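All remarks here apply to the structure that follows.
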Amino acid sequence: MSVEVRIPTILRTFTGGAKAVHGTGATLQQVLDDIEARNPGLKDRIVESETLRRFVNVYVNDEDVRFSGGLNAPIADGDIVVVLPAVAGG
Amino acid sequence: MYRLGPAIAPNVTAVLKIAREHVEAMIAHAREDHPDEACGVIVGPEDSDVPTRLVRMINADRSPTFFRFDPEEQFALYKAMSAAGEEIVVVYHSHTSTEAYPSRTDIALASEPQAHYVLVSTAESGASDGPVSVRSYRIVDGVVTEEEIDVTE
């Protein structure tokens, strides 16, 4: 099973500049672990204390994973995972 | 009436080139949402550094001291930009009781290194036609660099 993970500009320092990387796994957690193996440091910018970082949004296909299990969100072959840092401030 | 850019900026070398209509649209949005913070983007062709299309975004926090794009609306924006080969060129938001300078939260959460961060302060004017200030910054790795604003007609 292979899925495409779209990487935002700010995290492309971890992917050698690549806008997207490919990974495998049955859950978001597994996919992130898989891509971390080839892009060290990336996962830490998305996950904190075993949960998604508060100011990072992750979407699987058209769904915000906060509504579909977070890191346990199921992933199917051909899915597209989009990582978007929240645009926020004070 | 509005003031643009730094009052004294001998070391400013970077420039945001932006259309007058976009400056005025950001100010109008900030006034309308006052006393809550208004936020939005101006997108443009990837790698062009040219802001062409202004999109008002919902402040999901609806707060006078915080803003956050609604995650669903932000994703819709992402999809539209991807389809059109666009990226965020300007991220703007208002400060409604403080100056047009990035707050600590703004700096900590800035995640668009390619973007110009534009601050509009309605602290002086409120929602009325009084003076506002508009300033632009780069925020990369926690470092804030103010830049000139070059308004084009």
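Please read all numbers here as calculations on a predicted model, not as lab measurements. Letters go in sequence order (proteins before strands), and every chain restarts at 1.
At a 4.5 Å heavy-atom cutoff, the contact between B:Pro113 and chain A is made by side-chain atoms alone. Neither the backbone nor the side chain of B:Ala60 comes within contact range of chain A, judged by heavy atoms closer than 4.5 Å. If you measure heavy-atom distances from B:Ser111 to chain A, the contacts under 4.5 Å come from both the backbone and the side chain. The part of B:Glu46 that comes within reach of chain A is its side chain, from C-beta onward, which places non-hydrogen atoms under 4.5 angstrom from that chain. The part of A:Tyr59 that comes within reach of chain B is its side chain, from C-beta onward, which places non-hydrogen atoms under 4.5 angstrom from that chain. Interface residue B:Glu37: only side-chain heavy atoms are found under 4.5 Å from chain A.
Highest contact tally toward chain B, considering only A:Thr9, A:Asp64, A:Asp62, is held by A:Asp62 [criterion: heavy-atom pairs under 4.5 Å]. Among the candidates B:Arg68, B:Glu112, B:Gln114, B:Lys79, the residue making the largest number of heavy-atom pairs closer than 4.5 Å to chain A is B:Arg68.
Under the 6.0 Å cut-off for aromatic ring centres, B:His116 and B:Tyr92 do not qualify, their centroids lying 6.0 Å or more apart.
Taken to the nearest 0.5 Å, the SG atom of B:Cys39 stands 8.5 Å off from the CG atom of B:Asp61. The distance from atom CD of B:Glu86 to atom CZ of B:Arg53, rounded to the nearest 0.5 Å, is 4.5 Å. Taking CD1 of B:Ile42 as the reference point, atom CZ of B:Arg56 lies at 12.0 Å (rounded to 0.5 Å).
By the 30° and 60° cut-offs, the orientation of the rings of B:Phe75 relative to B:Tyr78 is parallel.
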Task: salt bridge (charged side-chain N to carboxylate O under 4.0 Å, His left out) assessment of B:Asp36 paired with B:Arg31 - done: CA-CA 9 Å; B:Asp36 286 345; B:Arg31 288 193 204 281; over 6 Å; no
